[in-house]
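Take a look at the structure set out below.
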Protein chains: 2
Amino acid sequence: MFEFGNHIRRRREELRQSDRTYSVRQVAARVGVEPSYLSKIERGREAPPSEAKIRALAHELDEDPDALLAMAGKVAGDLQEVIRRRPHLMSQLIREVQSMPDANLRHLVARARQRKN
Amino acid sequence: MFEFGNHIRRRREELRQSDRTYSVRQVAARVGVEPSYLSKIERGREAPPSEAKIRALAHELDEDPDALLAMAGKVAGDLQEVIRRRPHLMSQLIREVQSMPDANLRHLVARARQRKN
DNA sequence: TCTGATGTGTAGTGTATAGTACATACTACA
DNA sequence: TGTAGTATGTACTATACACTACACATCAGA
């Protein structure tokens, strides 16, 4: 599962084509970690960082924080909080949609959004 | 946040009324931890145990594992897995239902169950 | 050519997590 | 009154998490 690091590295180098400031050192500085740490993460020699750093990385690389967190094997703290507030209902809902195809799930999200349910 | 320990203690002592085997020692043995550890947890001197032990405790005390995990500030691993598989859709869904009243949420769960969506 | 930026290696740190092991003190009851 | 069972206190431990600090080799550009 070094998916995370690989992805970060590819994305950073992609951005670097048009902007030289996307070096390990400078991205690390902007995200707030040591360059060697980011380097190790990108090469999978170190586990993904904390949620806060992953969010900073997502912002820096213009990526979806939730997707990045997922690659890191994590779930956003605010989502966990929503589940913990109503554990029974939320657990039911999540287990229920588990096997639902994307299209149907999208439909359900839309319905929830419209407060029709 | 010593909600968890308090709850466990009350529930255990409740069961103890009709069954003497619900002592700290014996429950700890059945759940697979040291009695002193369970004692500390119940009095909030120690943080809640791992998900596995919480599940064993839920089974032992005949309670909802998801509710107990929530009290412990945790979210079941299988639910996290569901979210990580489709981070974008699942995050949307969860944030969408966040402010939905229980009744509507129950309705949404029912709909999901019937695969009508 | 040399200088500044770059990536990476090695070592170490503080804190949290998830407990065990054993000693001690109380308490019910035979 | 002794003893079996019960709860709790104290001390430890091992592993993971989330990093920092700094040295070093390389490499591109002025």
Side-chain angles (χ1 to χ4, degrees), chain A residues 1-2 4-58 60-61 65 68-69 71-77 80, chain B residues 1-2 4-58 60-61 65 68-69 71-77 80:
Chain A
M1 309 283 168
F2 38 158
F4 180 80
N6 256 300
H7 181 85
I8 296 294
R9 168 138 299 191
R10 277 200 303 274
R11 178 66 180 143
R12 186 180 56 73
E13 301 207 314
E14 185 188 328
L15 288 170
R16 205 186 188 185
Q17 306 297 317
S18 47
D19 187 339
R20 269 185 233 76
T21 75
Y22 283 89
S23 67
V24 169
R25 277 177 129 86
Q26 301 205 50
V27 169
R30 291 198 294 268
V31 164
V33 297
E34 286 293 307
S36 64
Y37 184 43
L38 178 56
S39 170
K40 277 179 289 190
I41 288 166
E42 286 191 351
R43 287 169 300 128
R45 307 286 241 100
E46 195 79 44
S50 65
E51 175 167 351
K53 303 297 183 188
I54 290 173
R55 285 189 182 286
L57 223 32
E60 192 58 37
L61 304 177
L68 235 45
L69 284 166
M71 278 184 225
K74 310 197 186 218
V75 168
Q80 299 204 28
Chain B
M1 312 282 170
F2 38 156
F4 179 81
N6 256 300
H7 181 84
I8 296 295
R9 168 139 299 192
R10 278 199 303 273
R11 179 66 182 143
R12 186 180 55 74
E13 300 208 315
E14 185 188 327
L15 289 170
R16 205 186 190 185
Q17 304 299 317
S18 47
D19 187 339
R20 270 185 233 74
T21 75
Y22 283 90
S23 66
V24 169
R25 277 172 130 82
Q26 301 205 49
V27 169
R30 292 199 293 269
V31 163
V33 298
E34 287 293 307
S36 64
Y37 185 43
L38 179 56
S39 171
K40 277 179 288 189
I41 287 166
E42 285 192 350
R43 288 169 301 127
R45 309 284 243 98
E46 194 80 45
S50 65
E51 176 168 350
K53 304 296 186 189
I54 291 174
R55 285 188 182 285
L57 222 32
E60 193 58 38
L61 304 177
L68 235 45
L69 284 166
M71 279 185 224
K74 310 197 186 218
V75 169
Q80 300 204 28

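Worth knowing before you read on, the calculation uses all heavy atoms, side chains too, and leaves out hydrogens, waters and symmetry mates. Just so we're on the same page: letters track the sequence lines, and every chain starts at 1.
Listed here is the closest heavy atom pair of I54(B) and A72(B): CD1-CB, 3.5 Å.
Of all nucleotides in DNA chain D, those with any atom nearer than 4.0 Å to a heavy atom of chain B start and finish, going 5' to 3', at dT6(D) to dA11(D).
Among residues two or more places apart in sequence or in another chain, the side chain to side chain contact (heavy atoms under 4.5 Å, CB included) test is passed with R45(A) by K40(A), R43(A). Partners of E60(A) by side chain to side chain contact (heavy atoms under 4.5 Å, CB included), not counting sequence neighbours, listed by chain and number: Y22(A), V27(A), R30(A), V31(A).
The list of salt bridge (charged side-chain N to carboxylate O under 4.0 Å, His left out) pairs with a residue in residues 49-58 of chain B, not counting sequence neighbours, reads E51(B)-R55(B), R55(B)-D78(B).
One interatomic measurement links the two molecules: CD of E34(A) to C1' of dT10(C), which rounds to 14 Å at whole-angstrom precision.
One finds a side-chain N or O of K74(B) lying less than 4.0 angstrom from the OP1 or OP2 phosphate oxygen of dA18(C).
Judged purely by atom type and a 3.5 angstrom limit, Q80(A) uses its side chain to pair as donor or acceptor with the backbone of V75(A).
Across residues 38-46 of chain A, K40(A), E46(A) each have a non-hydrogen atom less than 4.0 Å from an atom of DNA chain D (numbered order). Residues from residues 6-29 of chain B placing a heavy atom under 4.0 Å of any atom in DNA chain D, listed by number, are R9(B), R12(B), R16(B), S23(B), V24(B), R25(B), Q26(B).
The only option from H7(B), E42(B), Q26(B) that meets the side chain to side chain donor-acceptor pair (under 3.5 Å) definition with R12(B) turns out to be E42(B).
With values rounded to the nearest 0.5 angstrom, L57(A) atom CG is found 6.0 Å from L68(A) atom CG. Of the inter-residue distances, the one linking R25(B) atom CZ with E34(B) atom CD reads 9.5 Å to the nearest 0.5 angstrom. One distance of note links OG of S39(B) with CD of E46(B); it measures 10.5 Å at 0.5 Å rounding.
At least one side-chain heavy atom of R9(A) sits under 4.5 Å from a side-chain heavy atom of E13(A).
When heavy atoms are screened at a 4.0 angstrom cut-off, S50(A) is found touching the sugar-phosphate backbone but no base atom.
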